[in-house]
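Proteins come first, then strands; the chains are lettered A, B, ... in the order of their sequence lines, and each starts at number 1.
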There are 2 protein chains.
Amino acid sequence: MTTAAKPRPADRVPDCVDCPIRHRAVCARCETDELQELEQIKYYRSYPAGQTVVWAGDRMDFVASVVSGIATLSQTMEDGRTQMVGLLLPSDFIGRPGRDDATYDVVATSDLVVCCFRKRPFETLMARTPHIGQRLLEMTLDELDAAREWMLLLGRKTAREKIASLIAIIARRDASLRPTGAAREVVFDLPLTREAMADYLGLTLETVSRQVSALRKEGVIRLEGTRRVTIPDFERLLAETGDDSDGGFLV
Amino acid sequence: MTTAAKPRPADRVPDCVDCPIRHRAVCARCETDELQELEQIKYYRSYPAGQTVVWAGDRMDFVASVVSGIATLSQTMEDGRTQMVGLLLPSDFIGRPGRDDATYDVVATSDLVVCCFRKRPFETLMARTPHIGQRLLEMTLDELDAAREWMLLLGRKTAREKIASLIAIIARRDASLRPTGAAREVVFDLPLTREAMADYLGLTLETVSRQVSALRKEGVIRLEGTRRVTIPDFERLLAETGDDSDGGFLV
DNA sequence: GTCATGGCTTGACCTCGATCAAGGCCGGAA
DNA sequence: TTCCGGCCTTGATCGAGGTCAAGCCATGAC
């Protein structure tokens, strides 16, 4: 369906790292007109670390995709107990086509840049462009698997296993994992405060702190400051997660 | 897009209660050919209560939709700890297009009838029929919301709140809720054993039993036998769930 | 009838993680 | 420099829920 006559925007933005949705859902498979249409309804927003992007219950007139930085998705009970229900990393999707009100709080954990699309036009475009919907279905199914994996963690794992699991997941996802050090060490920064980790794991921040200290004292991890983590032996860490030896988390 | 010339199968199966996917995803919006195609790749299976329908890791060459009965979705750790991650009621979808191996155990909790579709043809049909994918996206997003709501329950609620929440959810879903008794009482049967409830709530069966007894002794619920529950005052039950007063769970 | 079985309840006890409290560390403002 | 506030650590204590154990009750086999 590619129109040869028109210039192809895909050529202008070959890698398109600035806008994951367009890259992952559209570039590779859709034609020029749709790309241009997406271009017209998109805009960028950025938030400093700590700022709330969306409050649960707010009206949302856009959907968005994380470009850089980290955000969290969380719910809070009347009495203040809060549970994080998702961690949003670059390329993750925010918002739900077909729903007008936000269900969760979205908070920027680090400085954050998102690529927004006005919701109505996006929905219209989606209705006409199956690829976008299919890509979204794929992403949603992945998120569902991650949520269910997390249910096992929240319901059945011990505090120590929870901490080990979280560290393993973040380590796996983190870019700096790839250039593995000579000694197969993994080094990365925790993108979350102890409190945020507690909210994610269904623990208190004191318990998080104690368990992190315990893992450090036993040599499962090493710490520089409170954020920078070195994992000398990834297998050993995995053994602490309680997961099956081989793969474990899909997150 | 309806073809006037051909007989419309939708007329033959106006309510189509025997096959929710076809009904909800297709009947109302797609044309004859697709309906007939679905017809050709579908078949029914039934399982007695207690039987495992699919084991995690099994190869799955079908997707399916619950026609009647109740099934559960659960994961088990190496040492036997298990966590239920979903409750499948009639019209719920089983399986994931694009994935060949089952991620979770599916167990029939009551006698169960499912409507299966051979996976490859279903995927092919889906690629050509946007409505099916859209419907599936909608259902998946709902499941994701339910899973996240459950994460709050697992991570932050007390045993008593968990039990109250589960009872409220089941009561809401249950058909016999509608013909509300004169005194606004709600009566229904728990479709789960105490052990299954424990697996769902991240508790032990003893704790479930104790908390159910406590709610009974305090008059929040009444019991006939162990399964049949009467809720004399639904508001009072809701007050025990820890949820916001108004709506609460979307499940 | 009796026996076995599966599902449930209840009690006694213990442990893991929450709670309460104090203090350390570090970076930024004055 | 000092001071302050955010973030983190550690200790002491408490309690919700887990664990272990005994027993109940209904059903079905024999």
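- In this structure a side-chain-to-backbone donor-acceptor pair under 3.5 Å is present from A/R156 to B/T82.
- Using a 4.0 Å cut-off between charged side-chain N and carboxylate O, A/R59 and A/D100 make a salt bridge.
- The distance between atom CG of B/L190 and atom P of C/dG7, rounded to the nearest whole Å, is 15 Å.
- Between the CG atom of B/L205 and the C1' atom of D/dA22 there is a distance of 14 Å, rounded to whole Å.
- Put simply, CG on A/L201 is 10 Å from P on C/dA18, counting in whole angstrom units.
- Note on A/R227: a side-chain N or O is less than 4.0 Å away from OP1 or OP2 of D/dC8.
- Considering A/Q83, A/E143, A/M151 in turn, A/E143 is the only one that fulfils the side-chain contact (heavy atoms from CB on, under 4.5 Å) rule with B/R148.
- We find that CZ of B/R81 is positioned 13 Å from C1' of D/dG18, with the value rounded to whole Å.
- One finds no side-chain N or O of A/T226 lying less than 4.0 angstrom from the OP1 or OP2 phosphate oxygen of C/dC25.
- Within the 4.0 angstrom heavy-atom criterion, only backbone atoms of the sugar-phosphate kind lie near A/L203; the bases stay farther away.
- For the pair A/R210 and C/dA18, the criterion of a side-chain N or O lying under 4.0 Å from OP1 or OP2 is not met.
- Using a 4.0 Å heavy-atom criterion, one finds that B/T204 contacts the bases of the nucleic acid, with or without backbone contacts as well.
- The separation between A/L153 atom CG and C/dG17 atom P is 12 Å, rounded to whole Å.
- The base of D/dC7 lies outside donor-acceptor range of the side chain of A/E195, with no N or O pair under 3.5 Å.
- Between A/V53 and the options A/L112, A/V107, A/I94, a side-chain contact (heavy atoms from CB on, under 4.5 Å) holds for only A/L112.
- Taking atom CZ of A/R156 as the reference point, atom C1' of C/dC16 lies 15 Å away to the nearest angstrom.
- When each of D/dT10, C/dA18, C/dT10 is scored by its nearest atom to the side-chain atoms of A/S209, the top-ranked nucleotide is D/dT10.
- One interatomic measurement links the two molecules: CG of A/L192 to C1' of D/dC7, which rounds to 14 Å at whole-angstrom precision.
- Put simply, the side chain of A/W150 gets close to the backbone of A/Y200: a donor and an acceptor are under 3.5 Å apart.
- Among the heavy atoms of the strands, none lies under 4.0 Å from B/G50.
- B/T207 has no side-chain polar atom (N or O) that falls below the 4.0 Å cut-off from OP1 or OP2 of D/dG17.
- As a whole-Å value, the separation of A/E206 CD from C/dA21 C1' is 10 Å.
- Ranking C/dT9, D/dT9, D/dG17 by closeness to the A/S213 side chain, first place goes to D/dT9.
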